[in-house]
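Each remark here refers to the structure printed beneath this line.
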Amino acid sequence: PEAAAGAAQPRPDPDMREAILAKLRFAVGRDVSAARDHDWYVATALAVRDRVVERWLDSIARTGPEKKHVYYFSLEFLIGRLFFDTVSNLNIVGEVRQALAGLGVDLDRIRAVEPDAALGNGGLGRLAACFMESLATLDIPAFGYGIRYDYGLFRQAIVDGWQHEIPEDWLSFGNPWEFERPDIKYLVRFGGSVEMVGRPDGTIQHIWHSAETVVAVAFDTPMVGWRGRRVNTLRLWSARAADPLVLEAFNRGDHVGAVADRMRVEAISRVLYPSDATPAGQELRLRQEFFFTSASLQDLLRRHRERHPDFSNLPDHGAIQLNDTHPAIAVAELMRLLVDEHNVRWDEAWRITTATLNYTNHTLMPEALETWPVELMERVLPRHIQIIYLINFLHLESLAKNGEISADLVRQVSLIDESHGRRVRMGPLAFIGSRRVNGVSALHTELMRKTVFSDLHALYPDRITNKTNGITFRRWLLEANPDLTRLLVEAVGPQVLDDAEALSGLERVVGDPAFRDRFVAVRRRNKERLAQEIAARTGVKVDPAALFDVQIKRIHEYKRQHLNLLETAALYAAIKAEPNRDWTPRVKIFAGKAASSYVVAKLIIKLAYDLAQVINNDPDVRGRLAVAFLPNYNVSLAEIIIPAADLSEQISTAGLEASGTGNMKLALNGAITIGTLDGANVEIREQVGPENITIFGLTAPEALARKAEPDHASRAIAASPRLASVLDAIGSGAFSPDDPGRFAGLVGGLRDHDPFLVTDDFDAYWEAQRGLDELWHRPEEWWRKSLLNVARVGWFSSDRTIREYAEEIWRVPVG
Ligand SMILES: CCc1ccc([C@H](C)CC(=O)N[C@@H]2O[C@H](CO)[C@@H](O)[C@H](O)[C@H]2O)cc1
């Protein structure tokens with residue numbers, strides 16, 4: 001909703017109970033007697049939403065035209081549920097809980113009926129959601145721009161250990177948090193050809209005769225900041241056909257033909273691509289990327305033109321952040337809109353573009369760096385490939401100007417990769433089209449400078465900057481772990497609710513046994529709750545007194561869930577070999593989705609399941625080792641697992657996890673981290689102290705060197721009898737009697753190639769785990785370290801991260 005002139009003072013909030021009853025009757029259309037959980041959920045959500053709208057309209061009213069906006073472009077926003085987050089950020093939990101109780105309704109019961117808005121795959125998408133909440137909390141005017149997928153990330157069902165994907169129809173019961181904006185729509189064009197027309201002033205006019213037009217319709221969702229300080233807008237686009245029904249086709253009885261176009265067009269916003277590391281590389285994916293990027297640019301340029309005579313000062317009034325290369329086509333589309341649609345001269349348009357755009361890289365995995373075939377770009381975006389060619393020409397020419405450039409350097413920095421059948425490199429396009437390029441942890445940013453962007457870094461030495469990720473403490477502490485939050489407020493004071501760094505005040509009470517006992521009791525209650533969830537979802541009975549060892553994240557070989565499983569199988573063998581030893585009782589908890597086409601990842605899920613079958617049914621290890629793979633990992637399940645975790649597994653091959661954010665969430669809730677010196681683990685160690693984290697394994701440079709040694713795996717296996725025997729066991733079907741050869745390929749891959757150095761890090765990992773077994777037997781020390789993690793991770797608040805973006809990249813004041 002746009003700014004209303006002469007904003008009135010916010011009206012007093014009506015009584016919540018009356019408001020809920022009114023919504024039930026007049027918005028849901030149900031009488032109290034007939035109302036079911038979902039009806040109460042919608043009624044309460046709508047009543048709460050009224051409070052949000054007040055602050056939303058107020059936020060817009062007080063954001064004068066001179067205020068600079070941040071525009072966060074992301075193909076993913078992994079929001080999760082919004083009901084409790086909104087109620088909590090408006091600080092009306094008590095009021096709503098009481099109002100509902102007065103109506104005989106339990107708030108915790110109805111908050112559970114809300115579906116997760118799973119509009120993302122993993123880290124990148126969740127980071128975008130945390131950032132939107134922190135932008136509002138820091139009172140920074142911002143729009144999030146993305147796609148309103150009809151179907152979010154698939155629902156994961158595990159059948160006999162195998163992942164099955166089920167469409168996630170999150171909108172089937174409607175969505176009380178979004179506002180459809182039929183009046184805010186833009187035409188997005190595809191295909192066709194470009195005509196060059198000479199202008200009298202000798203310049204060329206490019207006329208794009210597109211073959212297809214898609215209508216982008218806006219759906220706005222309020223992003224409420226802490227204490228309702230500001231409410232920003234998440235504007236998600238839905239694809240609609242320009243003409244939804246071809247009547248003449250219908251009239252001649254071709255009912256399918258009549259809507260065929262519509263189906264093709266609306267497929268653009270139908271479903272999220274479920275891959276989080278390997279580009280689908282499909283045309284539909286490129287159409288999704290261009291669809292939301294073009295609609296978003298048109299929307300923010302319209303808003304700017306309503307307030308300013310031209311675009312020369314756009315960089316002073318808007319900062320755009322490209323969340324990875326998925327919206328990188330923005331470099332060419334902003335140039336097209338400025339030059340072709342608004343007749344801005346090329347170099348002026350380039351000045352505006354490179355002063356307004358910024359790009360965040362989230363992965364160094366070569367296969368995750370997007371490139372598009374020139375042929376596809378020529379067919380789908382004929383004008384943009386022309387613009388990219390000219391950008392590339394001027395880019396290379398400018399290099400030539402300042403001194404001789406080798407053919408090799410041209411090959412390195414050209415936007416066109418000539419080697420694999422002419423492809424457009426979206427990373428370098430985003431790089432040269434941006435003012436700032438950032439990585440998401442100190443190590444990752446350093447590796448960006450040394451590897452994927454080394455040549456461009458040499459040419460533009462001050463463009464790459466680091467912005468270590470963060471998480472919102474509201475969702476991941478206050479809402480997920482209210483018992484711990486209460487304890488922290490008691491110990492440190494209420495300021496901890498507004499200032500994450502105030503957590504350091506906890507250091508004062510770390511040694512206080514009474515306080516420690518209450519902290520332990522909170523963890524215990526959270527573990528009992530998780531144990532119930534595990535029993536409900538998997539049937540596995542786990543002992544809350546055991547060490548809860550947690551690895552929760554997307555399934556990927558670089559994240560090395562299979563290293564954890566090898567250690568689990570080796571531990572099982574060790575317990576069976578020495579049943580009388582005083583083993584630390586452990587529950588190995590896994591959760592995570594595999595990209596639907598990622599066969600090895602799905603096999604790793606099966607291995608976890610098969611291991612669980614054998615171990616959980618073996619009386620020899622009952623009470624000492626149990627394994628549970630929780631299906632359908634998502635934001636809401638993470639909110640249950642994280643407060644109950646004792647040990648946080650962050651064991652990726654060093655150099656491959658850009659940052660990680662689960663590591664921050666788990667440490668914030670007091671889990672001790674076992675990990676490699678990778679991503680943000682490095683900075684977690686700096687903050688919590690090397691004695692309060694367990695680090696093992698090869699460092700990034702060592703890993704790079706070891707990987708280059710062809711026989712590194714066989715030498716590692718030869719040096720470790722424990723590793724050798726567990727590989728034999730798994731490879732020969734010890735855990736898959738129904739199919740002894742099931743894991744032969746997986747084990748063979750580890751023996752021969754092992755690109756993620758699982759074999760090389762196995763022994764160090766085993767020793768590290770045994771060290772933690774010992775530590776668990778010294779509870780005072782364990783809990784001291786656990787408390788010091790909570791006390792020292794304030795820096796990983798996304799408020800700190802956003803402050804750094806605001807200061808250095810977006811140059812906007814923090815409210
Ligand atoms: C084109 C397919 C595709 C889709 C998503 C991605 C994302 C970049 C993958 C991702 O989620 N990366 C994660 O981003 C987090 C937030 O910065 C980091 O904390 C994780 O380390 C990183 O893996 C790559 C490739």
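Both counts, for ligands and for their atoms, begin at 1 and track the order of listing. This one's a predicted model, so the numbers in the text were calculated from it and none came from an experiment.
Considering backbone and side-chain N/O atoms, Ser275 never comes within less than 3.5 Å of an N/O atom of ligand 1. At under 3.5 Å, a nitrogen or oxygen of Asn469, whether backbone or side chain, sits near a nitrogen or oxygen of ligand 1. For ligand 1, the polar-atom distance check finds an N/O of Ser659 within less than 3.5 Å of one of the ligand's N/O atoms. Here's the thing with Ala368: none of its N/O atoms is less than 3.5 angstrom from an N/O atom of ligand 1. Among the atoms of His362, some N or O lies under 3.5 angstrom from an N or O of ligand 1. By the 3.5 Å distance cut-off applied to N or O atoms, Tyr558 is counted among the residues near ligand 1.
Taking 4.0 Å as the cut-off, Asn121 does not count as a neighbour of ligand 1 on heavy-atom distance. The shortest heavy-atom distance from Arg285 to ligand 1 is under 4.0 Å. Using a 4.0 Å heavy-atom cutoff, Gly660 is listed among the residues neighbouring ligand 1. Ligand 1 lies out of reach of Arg126, whose nearest heavy atom is not under 4.0 Å from it.
Screening residues 647-658 for salt bridge (Lys or Arg N to Asp or Glu O under 4.0 Å), with sequence neighbours left out, gives Lys559-Glu657, Lys588-Glu649.
Within the listing of ligand 1, atoms 20 (C), 21 (O), 22 (C), 23 (O) sit less than 4.0 angstrom from a heavy atom of Glu657. Residue-ligand proximity, Asp324 to ligand 1, at heavy-atom distances under 4.0 Å covers atoms 8 (C). Below 4.0 Å from some heavy atom of Val440 lie the following atoms of ligand 1, by number and element: 17 (O). Short contacts between ligand 1 and Ala658, defined as distances under 4.0 Å to a heavy atom of the residue, involve ligand atoms 21 (O).
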Point to revise | Steps toward ring-ring contact (aromatic ring centres under 6.0 Å, His included) verdict (Phe756, Tyr558) | key: CA-CA 6 Å; Phe756 300 101; Tyr558 88 80; 7.1 Å; no
Practice item. May I have the step-by-step check of side-chain contact (heavy atoms from CB on, under 4.5 Å) for Arg126 and Phe77, ending in yes or no? Key: CA-CA 6 Å; Arg126 182 56 232 177; Phe77 287 95; over 6 Å; no
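Inspection of the Trp237 and Ser296 side chains reveals an N or O donor paired with an N or O acceptor under 3.5 Å. With no hydrogens or angles considered, a side-chain donor-acceptor pair links Arg474 and Thr137 at under 3.5 Å. Side-chain contact annotation: Gln551 with Asn564, donor-acceptor N/O pair under 3.5 Å present.
A ring-centre distance under 6.0 Å is found for Tyr765 and Phe696.
Just one residue in the list Thr360, Ile140, Asn358 forms a side chain to side chain contact (heavy atoms under 4.5 Å, CB included) with Tyr805, and that residue is Thr360.
Judged as a side chain to side chain contact (heavy atoms under 4.5 Å, CB included), and not counting sequence neighbours, the contacts of Val271 are Tyr151.
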